Number of protein chains: 2
Amino acid sequence: MRGTSKYDREVLSALECDERFRSCQEIHSRLAEARGGGSRPPSLSTVYRTLHRLARQGEIDTIHAEDGERLYRRCETSPHHHLLCRVCGRVEEIPHAWELRPVLDRVGYQSGFSELGCSLQLSGVCPDCGRSVPTGEDPEERGADAVL
Amino acid sequence: MRGTSKYDREVLSALECDERFRSCQEIHSRLAEARGGGSRPPSLSTVYRTLHRLARQGEIDTIHAEDGERLYRRCETSPHHHLLCRVCGRVEEIPHAWELRPVLDRVGYQSGFSELGCSLQLSGVCPDCGRSVPTGEDPEERGADAVL
DNA sequence: AGATTATTGATAATCGTTTTCATTTTCGCA
DNA sequence: TGCGAAAATGAAAACGATTATCAATAATCT
Ligand SMILES: [Mn+2]
Ligand SMILES: [Mn+2]
Ligand SMILES: [Zn+2]
Ligand SMILES: [Zn+2]
């Protein structure tokens, strides 16, 4: 086969059941820790390459942190959106909102664009973090894109 | 006044009526070119600082390019979404889709999250670019987030 | 096995962004 | 209007995630 790595499974399982998006370096050091002894973990280069491949193949999702850093996460195969906690980074997977379809159709028709796609990024404050953050946090921190 | 720059206006007008998102460096060199002579343009540092401030104040919108680079654009004040051409980067502003409200409400109720916000990123191929790109472009290029 | 090709790891290079800090400008106020 | 404090600026260095390089190693094929 071509374009594979013997670390594919390992990287995927490091991502498995993770409640947050992780950076390449986090994943790399996680792989290093998860070793009893004997075998050596893959190099950082290899983890970067593996994540690239898995992302291109659709095995994992990619987002950009505020500072541009790439973060990865293993996702369900079914279409879904992400709801991120703005405080702790926890991710909730939201079933795909089919209600968006008519909206997209209308947009496509009016704009003349074709091959329409959309990515809906949801954010909020998770139940855990909600307790510690009393009320009306600085509205300027919510970011300009938080339109709703 | 506090936290201003005498270049605020200049940066804003460099962004004015632009059909694409621009990087800080693009804006910086645009400011340099737009000078007949005499006065010197602001330094790159100052442009970075000015863009930060304007973004924090909601005067401009920020997105991340695929490689993480920050791109800026002057936006209307009314809530809206962005439709980007995946080929040439042209931006169409889409009036805010109020149809999303019930979707968000449902998500918020089911997830227990509060302070819900969303950013809807639309993408497609603009009429101009559509002519040159026959059909069914490599579907893997559309990105994992293109869920619709 | 021997030749060929792909993968790996260590290191250097890249490049957008941030930090630092000395210098200049602006502001508050006598 | 002149002086001291505070803010803004520019030049350069530092930073840090990502990418490129390339020699060494491992896998594959005949
Ligand atoms: Mn997901
Ligand atoms: Mn906009
Ligand atoms: Zn949280
Ligand atoms: Zn286009």
Side-chain angles (χ1 to χ4, degrees), chain A residues 1-12 14-15 20-35 37-57 59-73 89 141 143-144, chain B residues 1-12 14-15 20-35 37-57 59-73 89 141 143-144:
Chain A
M1 198 182 303
R2 183 164 174 189
T4 46
S5 157
K6 58 178 171 180
Y7 298 110
D8 279 19
R9 293 161 177 271
E10 205 172 337
V11 168
L12 278 176
L15 245 21
R20 302 204 318 129
F21 279 81
R22 301 291 179 182
S23 71
C24 180
Q25 314 217 32
E26 278 178 308
I27 295 163
H28 176 249
S29 47
R30 180 171 298 199
L31 292 181
E33 294 166 9
R35 306 247 161 186
S39 62
R40 287 187 329 183
S43 69
L44 187 56
S45 303
T46 296
V47 179
Y48 269 112
R49 287 188 279 240
T50 302
L51 288 171
H52 275 163
R53 184 168 348 99
L54 294 174
R56 181 165 40 80
Q57 295 171 352
E59 298 284 326
I60 57 181
D61 269 12
T62 307
I63 63 172
H64 284 112
E66 272 319 298
D67 62 351
E69 186 182 28
R70 279 210 239 314
L71 304 177
Y72 302 91
R73 185 160 187 273
E141 286 300 313
Chain B
M1 198 182 302
R2 181 162 177 193
T4 46
S5 158
K6 58 178 170 180
Y7 298 111
D8 279 19
R9 293 161 177 270
E10 205 172 337
V11 168
L12 278 176
L15 245 22
R20 301 204 318 128
F21 280 79
R22 302 291 180 183
S23 71
C24 180
Q25 314 214 35
E26 279 178 307
I27 295 164
H28 177 249
S29 45
R30 179 170 298 199
L31 292 181
E33 294 165 10
R35 306 249 161 184
S39 60
R40 288 186 330 181
S43 69
L44 187 57
S45 302
T46 296
V47 179
Y48 269 112
R49 286 188 278 240
T50 302
L51 289 171
H52 275 162
R53 183 169 348 97
L54 293 175
R56 182 166 38 82
Q57 293 170 351
E59 298 285 325
I60 57 181
D61 268 12
T62 307
I63 63 172
H64 283 112
E66 270 320 298
D67 63 351
E69 188 182 27
R70 280 212 237 314
L71 304 176
Y72 302 90
R73 184 159 186 274
E141 286 301 314

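Here is the naming used below: chain letters follow the sequence lines, and residue numbers restart at 1 for every chain. Small disclaimer: the values here were computed from a predicted structure and weren't measured.
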Ignoring backbone atoms, establish whether [X] has a side-chain N or O less than 4.0 Å from OP1 or OP2 of [N].
X	N	result
T46(A)	dG9(C)	yes
H52(B)	dT18(C)	yes
R70(B)	dT18(C)	yes
S45(B)	dT18(C)	no
Y72(B)	dG16(C)	no

Show your working on side-chain contact (heavy atoms from CB on, under 4.5 Å) between I60(A) and L12(A) and close with a plain yes or no.
-> CA-CA 8 Å; I60(A) 57 181; L12(A) 278 176; 3.9 Å; yes
S43(A) has its side chain closest, among dG9(C), dT18(C), dT19(D), to dG9(C)
Would you indicate which nucleotide in dT17(C), dG9(C), dA11(D) comes nearest to any side-chain atom of E69(B)?
->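 Nearest to the side chain of E69(B) among the choices is dT17(C).
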Whole Å only: how far is the [atom1] atom of [X] from the [atom2] atom of [N]?
X	N	atom1	atom2	answer
Y7(B)	dT9(D)	OH	C1'	8 Å
L71(A)	dT18(D)	CG	C1'	13 Å
L44(A)	dG9(C)	CG	P	10 Å

Closest nucleotide of DNA chain D for C24(A) versus for S5(B): which of these residues is on the 5' side?
->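 Nearer the 5' end of the strand: S5(B).
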Just call it for S23(A): base, sugar-phosphate, or nothing, with non-hydrogen atoms closer than 4.0 Å on any strand.
-> nothing
What pair of heavy atoms forms the shortest contact from [X] to [Y], and how long is it?
X	Y	result
S23(B)	E69(B)	CB-OE2, 3.4 Å
H28(A)	L44(A)	NE2-N, 3.4 Å
D61(A)	F21(A)	O-CE2, 4.0 Å

dA7(D) base to T4(B) side chain: any donor-acceptor pair below 3.5 Å?
->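 Donor-acceptor pair under 3.5 Å: no.
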Kindly indicate whether the side chain of R49(B) and the base of dG10(D) share any N or O donor-acceptor pair separated by less than 3.5 Å?
-> yes
Say whether, by atom type as modelled, one donor and one acceptor occur between the side chain of R22(A) and the main chain of L15(A) under 3.5 angstrom.
->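 No, R22(A) side chain to L15(A) backbone: no donor-acceptor pair under 3.5 Å.
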